[in-house]
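To start, the structure itself, in structure tokens.
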Amino acid sequence: MFKCLLNSNYDSWSYHRRILQKTISSPQFTKETVESTQALFREMEGLWKLIDNIDGDVKKIDFAGWLSQFTFENTLFSLTTLRAHNLINYYNAINPQNKVVVPEGTIPNSHSFIESSKMIFEGAHFFLLTPKILRNSPGISETRDHLLKNKAWTSNNLLKLISERRTQVENSNEKIDSNGLLTRFLTINTDKDINRNIADDKHTEKISDDDIKATIADLLLGGTFTTASMLSAIVYYLGHNPKEQKRMVQELDDVLGSDRDSNITLDQVNKLEYTDTVFKEATRLFPNIPVNIRANAEPSEIAGYRFLANTQFMIDIEAIHRSPDYWNDPDTFNPDRWTNNPDPKQFNNYYQFGGGVRVCPGKKMALAEVKTIVALLYRNYDIELVDKVSPLNYKYDVIKIVQELEIKIKPRN
Ligand code: HEM
């Protein structure tokens with residue numbers, strides 16, 4: 001979309017990918033994600049407490065709406081150490097009578113960032129599926145221009161943010177010591193390099209603002225709505241499967257202990273085995289990137305058909321996840337299928353995070369974030385779906401973004 005990681009230039013991709021491997025895929029980053037997620041979750045709970053819509057402690061919230069603000073804020077903070085305070089902006093938008101003051105230091109236009117990011121997926125869908133000749137035709141060219149203008153807006157705002165941080169870094173006389181990815185990128189191959197062998201020997205230049213922007217944009221887009229929609233899918237399937245929900249809550253109590261205010265550690269998160277199978281099962285049924293694309297470097301023969309080199313293949317992940325060839329009773333939500341005598345075929349046929357060299361670099365971060373949120377949510381609240389009949393409400397533009405999921409939350413006794 002911004003052509004840095006999500007591109008087909010091997011040299012540029014592998015260079016940036018290597019850097020990500022040593023940063024966002026590292027154990028340190030995963031540990032920090034558990035910590036930042038908890039801090040932000042407590043901020044979100046503080047805002048939930050202010051909502052007064054049902055009865056005392058019982059609140060009705062649009063989980064999908066809150067969580068896309070949350071994952072945007074959390075990803076932005078992990079990448080840049082900047083705060084968008086999107087949760088407060090969101091609260092203020094839905095509670096105009098009882099607004100909360102937005103703290104100073106918030107990045108400008110932060111509330112528009114998330115809407116604009118969502119529209120970038122619409123743009124990707126549009127440019128992927130609309131032939132050029134149609135894009136230029138009257139009636140459709142307005143949509144094209146609107147989408148391009150939106151992308152330019154995000155691009156310019158990110159560039160501004162990067163150039164401001166670059167000036168700070170270059171003018172600073174103090175030792176720079178930040179794990180934020182943006183600062184790391186800015187110091188690569190400079191005399192202030194804080195990265196210790198993170199770049200390779202081939203690339204000796206500083207990374208340009210444009211390249212940093214492309215990577216940050218890919219990560220921000222890759223990390224926000226995917227993670228939020230995964231969380232909505234988990235809450236939706238648990239809401240429809242109370243027995244499994246009860247079993248998961250029991251595991252949370254066993255692993256996390258009885259103190260509902262205690263901090264959760266990465267170690268504890270890693271011990272949540274049943275919870276992990278719940279995630280796998282919810283995302284098997286609702287893979288929010290339902291189609292992946294690959295091309296063959298050489299001519300190939302597949303299933304008796306011959307294909308020229310550079311043919312694009314669309315992999316229908318959703319069909320694979322629900323195929324009776326690989327899964328028993330594929331449409332049933334059954335977390336136990338992952339642990340009770342699992343059919344070995346199923347492990348090669350689960351693609352929530354893709355696979356091979358291009359497997360999602362944010363997988364560990366996403367799982368740490370999702371597990372921490374689910375643990376805090378179900379440890380501390382009774383959760384109920386408001387509408388137990390309708391299917392999950394999503395929009396599909398390259399990825400499936402859950403639009404709304406109303407739930408009732410009540411602090412647990
Ligand atoms: C539940 C959350 C997530 C899901 C379901 C998801 C899923 C995926 C999938 C299916 C791919 C394609 C992999 C392939 O082609 O084999 C991908 C790639 C990618 N993801 Fe994620 N992802 C998630 C979270 C994240 C997060 C948190 C980040 C970063 C902060 C991220 C950044 C990326 C990037 C940059 C790529 C492109 C990698 C490349 O082409 O080398 N994702 N993701």
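Every number for a ligand or one of its atoms is a count from 1 in the order of the listing.
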Which atoms of ligand 1 have any heavy atom of Asn292 under 4.0 Å away?
12 (C), 13 (C), 14 (C), 15 (O), 16 (O)

Please give me the minimum heavy-atom distance between Asn53 and Val58, naming the atom from each residue.
OD1-O, 4.2 Å

At under 4.0 Å between heavy atoms, is it the side chain or the backbone of Arg17 that contacts ligand 1, or both, or neither?
side chain

Please confirm whether the ring centroid of Tyr350 lies under 6.0 Å from the ring centroid of Tyr326.
no

Tell me, please: is Lys363 in heavy-atom contact with ligand 1, that is, under 4.0 Å?
no

Residues at least two apart in sequence or cross-chain that pass salt bridge (Lys or Arg N to Asp or Glu O under 4.0 Å) with Glu170, listed by chain then number, are Lys206

Residue Met230 vicinity, atoms of ligand 1 by number, heavy atom under 4.0 Å:
1 (C)

Contact atoms of ligand 1, heavy-atom distance to Gly222 under 4.0 Å
23 (C), 24 (C), 25 (C), 26 (C), 28 (C), 31 (C), 42 (N)

Heavy atom to atom 23 (C) of ligand 1, shortest distance: which of Ile216, Thr226, Thr224 holds it?
Thr226

For residues Arg17 and Pro361, report the shortest heavy-atom separation together with the two atoms involved.
NH1-CD, 3.5 Å

Return yes when atom CD1 of Ile133 has more than 12 non-hydrogen atoms of other residues, nucleotides or ligands closer than 6.0 Å, and no otherwise.
no

Show which atoms of ligand 1 fall inside a sub-4.0 Å distance from at least one heavy-atom site of Gly355.
16 (O)

May I ask you to identify, for Glu369, whether its side chain, its backbone, both or neither come under 4.0 Å of ligand 1 on a heavy-atom basis?
neither

Below a 4.0 angstrom heavy-atom separation, can you tell me which part of Arg358, side chain or backbone, both or neither, approaches ligand 1?
both

Asn288 contact mode with ligand 1 (heavy-atom cut-off under 4.0 Å):
side chain

Between Gln352 and ligand 1, does any nitrogen or oxygen pair lie at a separation below 3.5 Å?
no

Are Pro361 and ligand 1 in contact, using a heavy-atom cut-off of under 4.0 Å?
yes

Cationic N near anionic O, under 4.0 Å, Lys31 to Glu35:
yes

Identify the two heavy atoms, one from Glu73 and one from His85, that lie closest to each other, and give their separation to 0.1 Å.
OE1-N, 2.7 Å

Note: Ile289, heavy atoms under 4.0 Å from ligand 1, region reported as side chain

Atoms of ligand 1 under 4.0 Å from any heavy atom of Leu219, numbered from 1 in the order shown, are 29 (C), 30 (C), 35 (C)

Do the charged groups of Glu404 and Lys395 touch, with an N to O distance under 4.0 Å?
no

Where ligand 1 meets Trp13 - atom numbers and elements under 4.0 angstrom, heavy-atom basis:
39 (C), 40 (O), 41 (O)

Look at the rings of His321 and Tyr351 and say which category their plane angle falls in: under 30° parallel, 30 to 60° tilted, over 60° perpendicular.
parallel

Looking only at heavy atoms, is any part of Leu220 under 4.0 Å from ligand 1, and if so is it the side chain, the backbone, or both, or is it neither?
neither

Member of Trp327, Phe333, Tyr274 meeting the ring-ring contact (aromatic ring centres under 6.0 Å, His included) criterion with Trp338
Trp327

For ligand 1, which is the ligand I care about here, please tell me if Leu20 has any N or O atom under 3.5 Å from one of the ligand's N or O atoms.
no

Show me the donor-acceptor pairs within less than 3.5 Å that the side chains of residues 229-239 make with the rest of the protein, sequence neighbours left out.
from: Ser229; atom 1: OG; to: Phe225; atom 2: O; distance (Å): 2.9
from: Ser229; atom 1: OG; to: Lys400; atom 2: O; distance (Å): 3.4
from: Ser229; atom 1: OG; to: Val402; atom 2: N; distance (Å): 3.0

Would you mind listing which atoms of ligand 1 come within a distance below 4.0 Å of any non-hydrogen atom of Met365?
30 (C)

Taking the ring of Trp13 and the ring of Tyr10, is the distance between their centroids below 6.0 Å?
yes

Option nearest atom 27 (C) of ligand 1 (shortest heavy-atom distance, choices Ser78, Ser14, Gly223):
Gly223

